[in-house]
Amino acid sequence: TIGAAPVCSLTATAQAEPCNPATNTYFVTGTVSATNGPASQTITVSVGSSTTSVTLIGNGPVSYTLTGLVSDGLPKTVSITSSATACGQT
């Protein structure tokens with residue numbers, strides 16, 4: 001019996017860099033990797049309304065940077081979404 005291939009999953013890191021007081025902005029850097037990922041997928045990284053996209057080849061990892069984020073002192077959520085529906089979101 002041949003079973004179904006394991007479902008893809010994503011693992012991400014995110015690091016907020018210090019705020020630039022002159023512009024009241026900061027940036028976030030990180031990496032995304034997959035387990036059982038497809039040959040290639042587009043990864044969309046979002047913080048609020050700011051987004052960037054990177055291409056993850058195989059299981060990666062791939063690095064990303066989101067710049068120009070406005071600092072308001074509130075907690076933020078970094079969302080990672082894959083174009084490969086089996087990989088989903090983290």
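Along the sequence shown, residues are numbered consecutively beginning with 1.
In this structure the side chain of Val28 reaches within 4.5 angstrom of the side chain of Leu69, judged on heavy atoms. A heavy-atom distance below 4.5 Å is not found between the side chains of Phe27 and Asn20. A 4.5 Å side-chain heavy-atom check between Thr55 and Ser40 finds at least one atom pair inside the cut-off. Contact annotation: the side chain of Val62 never approaches that of Ile57 to less than 4.5 Å [non-hydrogen atoms, C-beta and beyond].
For the atom pair CG (Asp72) and CG (Asn24), the distance works out to 8.5 Å, reported to the nearest 0.5 Å. Here the straight-line distance linking atom CD of Gln41 with atom CG of Leu10 works out to 6.0 Å at 0.5 Å rounding.
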query: Would Thr52 and Thr65 count as a side chain to side chain contact (heavy atoms under 4.5 Å, CB included) if you check the C-alpha gap in whole Å, the side-chain angles of each, and the deciding distance to 0.1 Å?
result: CA-CA 8 Å; Thr52 190; Thr65 301; over 6 Å; no

- prompt: Can you check side chain to side chain contact (heavy atoms under 4.5 Å, CB included) on Val32 and Val54, steps first, answer last?
  reply: CA-CA 9 Å; Val32 179; Val54 293; 5.7 Å; no

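Nearest heavy atoms, Leu56 versus Pro61: CD1-C, 4.1 Å. Residue Cys19 comes nearest to Tyr26 through the heavy atom pair CA-CB, 4.0 Å, listed as atom of the first residue, atom of the second, then distance. Between Ser53 and Thr42, the closest heavy-atom pair is CB-CG2, 4.1 Å. When every heavy atom of Cys8 is checked against every heavy atom of Gly37, the shortest pair comes out as SG-CA, 3.8 Å.
Between the side chain of Asn59 and the backbone N or O of Ser33, no donor-acceptor pair lies under 3.5 Å.
A donor atom on one side chain and an acceptor atom on the other are found under 3.5 Å apart for Thr13 and Thr31.
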